[in-house]
Amino acid sequence: MNAAALNSHLISDSQGRSGDDPIFALNAEATRRAKAGESIVNATLGALMEDDGRLATMPVVFETLAAVPPEKAAAYAPIAGEPRFLAAVMKDLYGESQLAQDSVAAATPGGTGALHHAVVNFLAPGEALLTPSYYWGPYRTIAQHTGRRVETFLMFDGHGAFNVSAFAQALEAQIQRQSRALILLNTPCNNPTGYSLDDRDWTGLVTALRAAASQAPVALCLDLAYARFGAAAPNHWVRHVQPLVGEILLLAAWTASKTFAQYGARVGALVATHSSAEERTRIKSALSFSCRGTWSNCNHLGMLAMTELLENPQLRARADAERERLRALLGERVAAFNRAAAQAGLIYPRYEGGFFVTVFTPDPAATAERMKALGVYVVPIDGAVRVALCSTPLRDVPRVVEALVAGLAAVVS
């Protein structure tokens with residue numbers, strides 16, 4: 001044991017951890033340069049910005065938050081969340097279908113809290129979740145912090161399509177090793193690639209899931225953070241997974257962060273769907289126990305306001321219209337990127353909507369550094385750089401593509 005370890009009150013697993021998120025660090029660097037007067041395009045942070053650089057918000061959300069009576073907002077929320085809020089979330093996902101009747105839920109601080117509850121309740125310490133090779137970095141943070149691990153499969157095949165074969169092989173291998181599986185899929189609009197599963201992808205996934213579920217317990221958790229910003233209907237996935245309920249456990253990580261442009265409110269829920277009432281009762285108790293053992297209870301003001309926005313027809317219509325404006329704002333950037341990237345010959349996954357797109361490169365760090373020198377900030381990840389078009393003004397999209405071309409030229413001989 002070294003001297004630092006002997007002198008630290010931290011347990012060994014907590015020593016040497018980074019306190020800075022690399023994306024937030026890049027964002028801070030880009031912001032400093034811009035404030036110093038440099039011409040900077042900051043395509044790092046996953047928040048939707050107006051073309052003038054202001055954070056995009058939805059006025060009806062703030063009106064609804066302000067209308068909540070103070071004595072209700074200030075009171076403790078029920079441990080598992082407001083029942084009306086949870087019912088509204090389940091209806092938002094599944095309407096009046098049987099899936100809503102076969103679901104239970106717990107309120108969480110955003111989608112991140114929902115993912116935490118999925119990991120700690122459906123994997124034992126030491127076991128691994130399964131996710132594509134391109135995934136949101138905090139999946140690993142959550143897993144490591146709770147004594148679990150992350151295993152991946154190659155997300156794309158040689159034709160740029162979702163690699164169903166690699167998924168099936170990885171799932172089978174995991175079942176053999178740990179006799180259970182928890183799969184995390186961020187779709188529609190995967191972070192970091194922007195890729196959304198289509199009908200063909202889902203057909204292959206369902207076949208693989210059904211085969212695995214005949215051997216061991218399988219839970220599929222869908223991270224729906226960006227679902228309202230895809231090209232297809234946000235609940236397009238439901239008809240594909242509905243026949244599996246009962247064979248697998250279906251989990252949905254619902255969040256208001258992107259859906260209602262409320263990143264700071266930290267309002268979300270984990271919805272668990274299974275055909276067995278007995279299993280649902282066990283799951284509901286387990287999720288409530290996890291709430292009490294972590295954050296105790298969630299943002300009461302946020303839950304009360306989101307309930308009104310989901311249940312009140314007039315408020316919901318206004319929210320849908322305001323969100324559609326934001327979706328169209330982002331859609332213009334997506335279309336502009338696709339046009340310019342195609343002309344430049346960039347290689348990247350199918351991109352039809354969402355906050356991010358990923359461009360493949362043999363040297364992500366060097367590509368990103370060259371782009372920084374040109375005043376364009378992106379996030380290097382394994383095998384690619386992530387571009388946050390959500391925070392990139394439409395006028396700057398051509399500049400981003402030009403910087404990508406230069407960044408790739410610097411590493412491809």
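In this chain, residues are counted from 1 in sequence order. What's counted below: heavy atoms across the whole structure, side chains too, no hydrogens, waters or symmetry copies.
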| said: With heavy-atom distances below 4.5 Å as the criterion, would you say the side chains of Trp237 and Leu197 are in contact? | reply: no

Below 4.0 angstrom, N of the basic side chain to O of the carboxylate: do [X] and [Y] qualify?
X	Y	answer
Glu127	Arg148	no
Glu172	Arg177	no
Asp92	Arg228	yes
Arg318	Glu322	yes
Asp52	Arg54	yes
Glu29	Lys372	yes
Arg395	Asp51	no
Glu324	Arg327	yes

| remark: side chain to side chain contact (heavy atoms under 4.5 Å, CB included) test vs Thr273 passes for just one of Leu220, Leu93, Leu99, namely Leu99

| query | Is the number of heavy atoms from other residues, nucleotides or ligands under 6.0 Å of His145 NE2 greater than 12? | reply | no

| query | Near Leu55 CG, under 6.0 Å, is it more than 12 heavy atoms from other residues, nucleotides or ligands? | reply | yes

| Under 30°, 30 to 60°, or over 60°: which ring-plane class applies to Phe229 and Phe355, parallel, tilted or perpendicular? | perpendicular

With a 3.5 Å distance limit and no angle check, can you tell me whether [X] reaches the backbone of [Y] through a side-chain donor-acceptor pair?
X	Y	result
Asn186	Asn191	yes
Arg333	Thr392	yes
Thr131	Thr152	no
Ser285	Arg282	no
Asn338	Tyr351	yes

| task | Determine, step by step, whether Thr193 and Asn190 satisfy the side chain to side chain donor-acceptor pair (under 3.5 Å) criterion, reporting the C-alpha distance in whole Å, the side-chain angles of both residues, the deciding distance to 0.1 Å, and the verdict. | result | CA-CA 5 Å; Thr193 68; Asn190 168 265; 2.7 Å; yes

| Between Cys189 and Ser196, which heavy-atom pair has the shortest distance, and what is it? | N-OG, 2.8 Å

| Between Gly375 and Arg33, what is the shortest heavy-atom contact and its length? | CA-NH2, 4.3 Å

Could you go through residues 396-407 and list every donor-acceptor pair under 3.5 Å that involves a side-chain atom there, pairing it with any protein atom two or more places apart or in another chain?
unit_1	atom_1	unit_2	atom_2	d
Arg399	NH1	Ser39	OG	2.8
Arg399	NH2	Ser39	O	2.8
Arg399	NH2	Leu374	O	3.1

| query | Going through the distances and angles, do Arg266 and Ser257 end up as a side chain to side chain donor-acceptor pair (under 3.5 Å)? | reply | CA-CA 7 Å; Arg266 309 314 302 144; Ser257 296; 3.0 Å; yes

| task | Applying side chain to side chain donor-acceptor pair (under 3.5 Å), run through Gln101 and Glu96 and close with a yes or a no. | result | CA-CA 8 Å; Gln101 304 303 313; Glu96 303 289 350; 5.0 Å; no

